[in-house]
Amino acid sequence: MENLALFLISYVANLFSAFSGGGAGLVQLPALLFLGLPFGVALATHKVASVALGIGATLRHLRSSSLERDFMLFILATGLPGVVLGASLILSVKDRHAEIALGILTLGLGLYSIWRKQLGQEHLPVHRNRSGYLLGGTGLFFIGILNGSLTSGTGLFVTIWLIRWFGLDYQRAVAYTLILVGLFWNGAGALTLGLLGDIKWEWLPVLIVGSLLGGYSGAHLSITKGNRWIKRGFEAVTIVLGIKLIFG
């Protein structure tokens, strides 16, 4: 029964995450805490399992997405140092005020997307010059710190940042987020947390299977449903996640 519960939690959490561009921690991390894991162990275990989300989503998106290799390397180069820094800090810092602040920002993302009706509906690349990349990379670095530390829904920040600053549509932004954040950012965070903390290894196989299948299924939905449905999914996840972080 425990394995079945873990599989269902992982599958549902990662399906919604792969569809909307982030938010797997909304369900999976609190569930691991509820099942009795200490915060540091739950976070490290969740991070390792979330790498499978990136693998599942990557397998689906690479079949149909035209992603730019240089832009992918840029996201990795600017975000990964922040992820490692954030993961190194979180094991010694547990600040409720940071969660509340993150919740307010996340809720704001959803409300902003609702307010901007055409946000992310068209692919109109902007800020592809030196200053644009510098400011955009700085934003990704700080989002990386959040991703490595607080983990809950920070992929959503990458999705909206790629849309708002670089002019991507929702479908492309979600593809970049799932492949680069889900696979590489979470992989770096998992490695850092695994070296510095503990992982619940016996739970990982079922969590990984659920993440892999959920990631693939969610990516398939995001590709077949299009930008408007992804936008609605993003708004729903950010609002629910924001409220959860604020009120605990």
Side-chain angles (χ1 to χ4, degrees), residues 9 12-31 43 46-47 50 53-54 57 75 79 82-83 86 96-122 136 139-140 142-182 185-186 189 211 214-215 217-219 221-223 225-248:
I9 289 166
V12 172
N14 288 283
L15 184 148
F16 280 108
S17 178
F19 178 68
S20 61
L26 170 67
V27 176
Q28 188 162 276
L29 181 60
L43 179 58
H46 164 69
K47 278 291 186 186
S50 293
L53 160 65
I75 296 173
V83 175
R96 175 63 184 144
H97 293 96
E99 285 191 0
I100 294 173
L102 181 64
I104 293 171
L105 289 172
T106 305
L107 181 60
L109 293 182
L111 296 176
Y112 176 75
S113 181
I114 292 172
W115 178 57
R116 294 292 299 270
K117 303 294 186 184
Q118 295 304 310
L119 183 71
Q121 298 304 294
E122 294 184 74
L140 289 169
F142 284 107
I143 296 172
I145 294 176
L146 292 176
N147 178 270
S149 55
L150 296 176
T151 198
S152 293
T154 48
L156 299 165
F157 282 74
V158 177
T159 299
I160 201 69
W161 184 244
L162 294 178
I163 292 170
R164 186 65 186 86
W165 184 255
F166 289 109
L168 276 63
D169 60 8
Y170 265 100
Q171 195 168 74
R172 283 182 175 83
V174 167
Y176 279 114
T177 297
L178 291 176
I179 294 172
L180 301 177
V181 176
W185 285 28
N186 284 347
S211 296
S217 300
L221 283 175
S222 72
I223 291 169
K225 294 299 182 182
N227 286 315
R228 189 159 299 279
W229 277 99
I230 300 172
K231 186 174 187 290
R232 295 291 176 259
F234 176 90
E235 291 161 357
V237 170
T238 50
I239 289 172
V240 172
L241 178 57
I243 292 172
K244 176 190 172 297
L245 286 169
I246 294 169
F247 297 104

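Worth saying up front: this structure is predicted, and the values here are computed from it rather than measured. Quick note: numbers below take in every heavy atom, side chains included, and nothing from hydrogens, waters or symmetry partners.
- Within 6.0 Å of atom CH2 in Trp229, 12 or fewer heavy atoms from other residues, nucleotides or ligands are found, so the atom counts as exposed in its surroundings.
- A pairwise comparison of heavy atoms in Ser211 and Ser50 identifies OG-N, 4.5 Å as the closest pair.
- Once rounded to the nearest 0.5 Å, the distance linking CD1 of Ile230 with CD of Gln121 reads 9.0 Å.
- In this structure, Trp185 and Leu140 approach most closely via the heavy-atom pair CH2-O, 3.5 Å.
- Residues Glu235 and Gly110 come closest through the heavy atom pair CG-O, 3.8 Å.
- How far CG of Leu111 is from CD1 of Ile114: 5.5 Å, rounded to the nearest 0.5 Å.
- Nearest heavy atom pair, residue Phe234 against residue Leu156, reads CE1-O, 3.5 Å.
- We find the OH-CG distance between Tyr176 and Leu162 to be 8.5 Å, quoted to the nearest 0.5 Å.
- Among residue pairs with one or both ends in residues 13-25, none qualify as salt bridge (Lys or Arg N to Asp or Glu O under 4.0 Å); sequence neighbours excluded.
- Screening Ile246, Thr238, Val240 for a side-chain contact (heavy atoms from CB on, under 4.5 Å) with Leu107, the sole residue that qualifies is Ile246.
- Pairing each heavy atom of Asn227 with each of Gln171, the nearest pair is OD1-N, 2.7 Å.
- Proximity of a side-chain donor or acceptor of Lys231 to a complementary backbone N or O of Ser113 within less than 3.5 Å is detected.
- Side chains of Val158 and Leu180 form no contact here, defined as non-hydrogen atoms less than 4.5 Å apart.
- Aromatic ring orientation, Trp115 versus Tyr112: tilted (interplanar angle from 30° to 60°).
- Pairing each heavy atom of Ala18 with each of Gly214, the nearest pair is CB-O, 4.2 Å.
- For the pair Leu15/Leu221, a side-chain contact is recorded, criterion being any heavy-atom separation below 4.5 Å from C-beta on.
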